[in-house]
Amino acid sequence: MDPLGKTEPDTRSVEPVGRRFDVVVMGAGYTGLSAARQLARSGATVAVFEKGSAGGGASSRNAGQVLTGLKLDVVTLVSTYGEQRARELFDVSCEAIAALEQLVGDEQISCEFEKTGHLQAAAKPGHLRDFRREQALLARVFDHAVSIVEARDQSTELDARGYHGLLVDEKSCAINPAKYVHGLTAAAARAGAVIFEDTPVSKISRSSGGWRISTTRGDVEARDILMATNGYTDAAAPALRRRLIPIGSYIICTAPLPASVAARLLPRRRMAFDSRHFLHYFRLTSDNRLLFGGRAEFSGPTLESARRATAILKHDMLARFPDLSSTPVEYAWSGHVAFTRDQMPHAGLMNDAFYAGGYSGHGIALATYLGALIARRIAGERFEHPLFDDHFPPIPLYYGRPWFLPLVGLYYRFRDLID
């Protein structure tokens with residue numbers, strides 16, 4: 001078990017493959033499991049194929065920050081989409097949090113869900129001025145209230161070096177992601193979905209009745225298919241792979257801190273992150289460990305990159321929290337998050353197959369929410385949604401190997417110097 005509580009789900013299916021389902025779902029993360037639950041509750045026969053363990057990717061290996069908003073900040077949303085569309089997109093993030101809270105309650109998932117709020121720390125003095133402009137825009141366009149904490153007062157929220165004031169949003173939440181995805185796996189199984197773990201899909205192809213799905217345990221047929229592999233999309237879904245960029249997100253976690261130290265570092269136990277492009281994010285776990293993460297490298301996680309990232313993150317953590325120099329780091333882990341070219345989630349039809357993904361690091365609530373929405377569309381409902389996109393274009397010159405990530409990393413490091 002890791003400090004966020006990952007355990008093996010008890011829903012492994014031993015049912016033999018070689019039959020027909022209404023819907024096959026590729027991927028047993030938040031998106032796929034939420035979709036499977038929704039479809040099974042509507043009466044469909046559903047099989048979920050997962051090449052590892054259910055929730056074994058970034059769905060269990062993240063920081064458990066359930067945040068308002070999207071990857072794009074509200075200033076960029078408005079400049080890109082206009083005020084009305086930007087408001088619709090921002091509201092989706094808030095609806096997703098409400099839907100997550102509802103699901104956790106309905107399924108009685110014990111996952112440490114808590115309304116903590118979040119804080120964003122200004123990495124430079126000028127960023128606090130940006131926060132003030134964002135605060136005004138949030139109030140005027142989005143009817144969403146946030147507060148500003150001056151640098152001289154920020155110890156009421158955060159005791160860390162190198163920050164120059166805070167933006168505080170009371171609407172965000174915390175969750176134990178591994179306990180949540182474990183509970184979501186059980187909920188999908190209770191609804192009637194059949195979950196095949198350690199069963200990679202090797203190929204999907206059209207058949208007279210819909211789709212033929214080839215797996216390591218044999219072939220199955222399905223009327224519809226949902227590609228919900230997100231940051232773990234591989235050659236079995238080549239079209240989707242051209243649209244999703246897997247990027248490693250790395251996390252370290254300290255030994256439990258004395259209660260007095262934890263209360264000083266984050267007095268209100270908020271979810272926290274800073275204003276850099278190469279950002280850091282951090283929080284306290286339920287047993288008072290400091291969890292500290294970030295894009296320590298713009299690359300896919302490997303054993304070697306994870307070692308480098310651990311050393312980088314420990315150095316960066318001590319620069320912000322020097323009093324932890326004698327506190328050991330007891331855990332380190334990483335997972336793939338999926339970015340899109342426009343840094344927005346997308347869902348819809350692609351070459352007659354359904355898909356959803358691209359949460360760009362904001363996936364706990366949004367993936368759960370979008371999985372359920374695309375499931376409703378698969379079941380035959382017809383409705384419009386700001387994140388539905390049946391014309392999601394591929395990234396030029398990209399076929400699944402993100403050769404450009406080192407260049408992207410250099411670009412954002414430069415931006416952090418000048419912005």
Side-chain angles (χ1 to χ4, degrees), residues 1-2 4-17 21 23-41 44-62 64 100 103-104 106-113 175-202 213 215-218 220 222 225-234 236-237 246 249 301 333-338 354-357 359 363-372 374-375:
M1 179 182 292
D2 71 25
L4 291 181
K6 178 170 167 45
T7 58
E8 288 295 320
D10 57 3
T11 54
R12 283 198 172 91
S13 172
V14 295
E15 183 176 326
V17 176
F21 297 90
V23 185
V24 159
V25 177
M26 294 170 58
Y30 299 136
T31 305
L33 293 168
S34 176
R37 171 183 176 269
Q38 179 73 27
L39 285 161
R41 284 162 61 94
T45 57
V46 185
V48 182
F49 290 97
E50 167 57 49
K51 62 184 173 184
S53 60
S59 291
S60 59
R61 289 182 276 139
N62 65 73
L100 175 64
L103 188 155
V104 167
D106 288 348
E107 296 290 354
Q108 298 183 12
I109 299 175
S110 177
C111 57
E112 300 165 21
F113 183 88
I175 204 168
N176 182 311
K179 289 183 177 180
Y180 168 58
V181 78
H182 174 82
L184 185 59
T185 303
R190 281 196 303 271
V194 185
I195 301 167
F196 296 96
E197 297 181 291
D198 302 315
T199 309
V201 172
S202 57
I213 298 92
T215 80
T216 54
R217 295 173 64 180
V220 299
I225 188 166
L226 171 63
M227 300 178 292
T229 43
N230 206 40
Y232 296 83
T233 303
D234 58 21
S249 191
W333 64 91
S334 62
H336 292 179
V337 296
F354 290 93
Y355 78 95
Y359 309 105
I364 300 175
L366 281 169
T368 303
Y369 174 81
L370 205 51
I374 199 66

How far does CG of Leu100 sit from CD1 of Ile175, to the nearest 0.5 angstrom? 4.5 Å
Ignoring hydrogens, what is the shortest heavy-atom contact between Ala193 and Ala36? Give both atom names and the distance. CB-CB, 3.9 Å
Partner residues of Ala28 under the side-chain contact (heavy atoms from CB on, under 4.5 Å) criterion, sequence neighbours left out: Leu33, Val48, Glu50, Ala54
Could you please spell out the steps behind the side chain to side chain contact (heavy atoms under 4.5 Å, CB included) verdict for Phe49 and Ile225? CA-CA 11 Å; Phe49 290 97; Ile225 188 166; over 6 Å; no
Looking at Leu226, Val194, Val220, which one forms a side chain to side chain contact (heavy atoms under 4.5 Å, CB included) with Val24? Val220
If you look at every heavy atom in Val25 and Gly32, which pair is closest and at what distance? CG1-CA, 3.5 Å
Quick one: OG on Ser53 to NE2 on His182, what's the gap to the nearest 0.5 Å? 11.5 Å
Main-chain N/O of Thr368 paired to Ser34 side chain as donor or acceptor, under 3.5 Å: yes
Any chance you could measure Ile109, atom CD1, to Thr185, atom OG1, to the nearest 0.5 Å? 9.0 Å
Would a 4.5 Å heavy-atom cut-off, applied to side chains only, mark Val337 and Tyr359 as touching? no
To the nearest 0.5 angstrom, please state how far the CZ atom of Arg41 sits from the CD atom of Gln38. 7.0 Å
For the backbone of Ser59 and the side chain of Tyr30, can you confirm whether one donor and one acceptor N or O come within less than 3.5 Å of each other? yes
Give the minimum heavy-atom separation between Phe113 and Val104, together with the two atoms involved. CB-CG1, 4.4 Å
Identify, with sequence neighbours excluded, every residue that meets side-chain contact (heavy atoms from CB on, under 4.5 Å) alongside Ala187. Arg37, Glu107, Arg190
Tell me the closest heavy-atom pair linking Val201 and Ala236, and the distance in Å. O-CB, 3.2 Å
Considering all heavy atoms of both residues, which atom of Phe196 and which atom of Ala47 are nearest to each other, and what is their separation? CE1-CB, 3.9 Å
Donor-acceptor under 3.5 Å (Thr233 side chain, Asn230 main chain): yes
When Thr216, Asp198, Asp234, Thr199 are each screened for side chain to side chain donor-acceptor pair (under 3.5 Å) with Lys51, the one that passes is Asp234
For the atom pair CG (Leu103) and OH (Tyr180), what is the distance rounded to the nearest 0.5 Å? 5.0 Å
So, for His336 and Pro246, which heavy atoms are closest and what is the spacing to 0.1 Å? ND1-CB, 4.2 Å
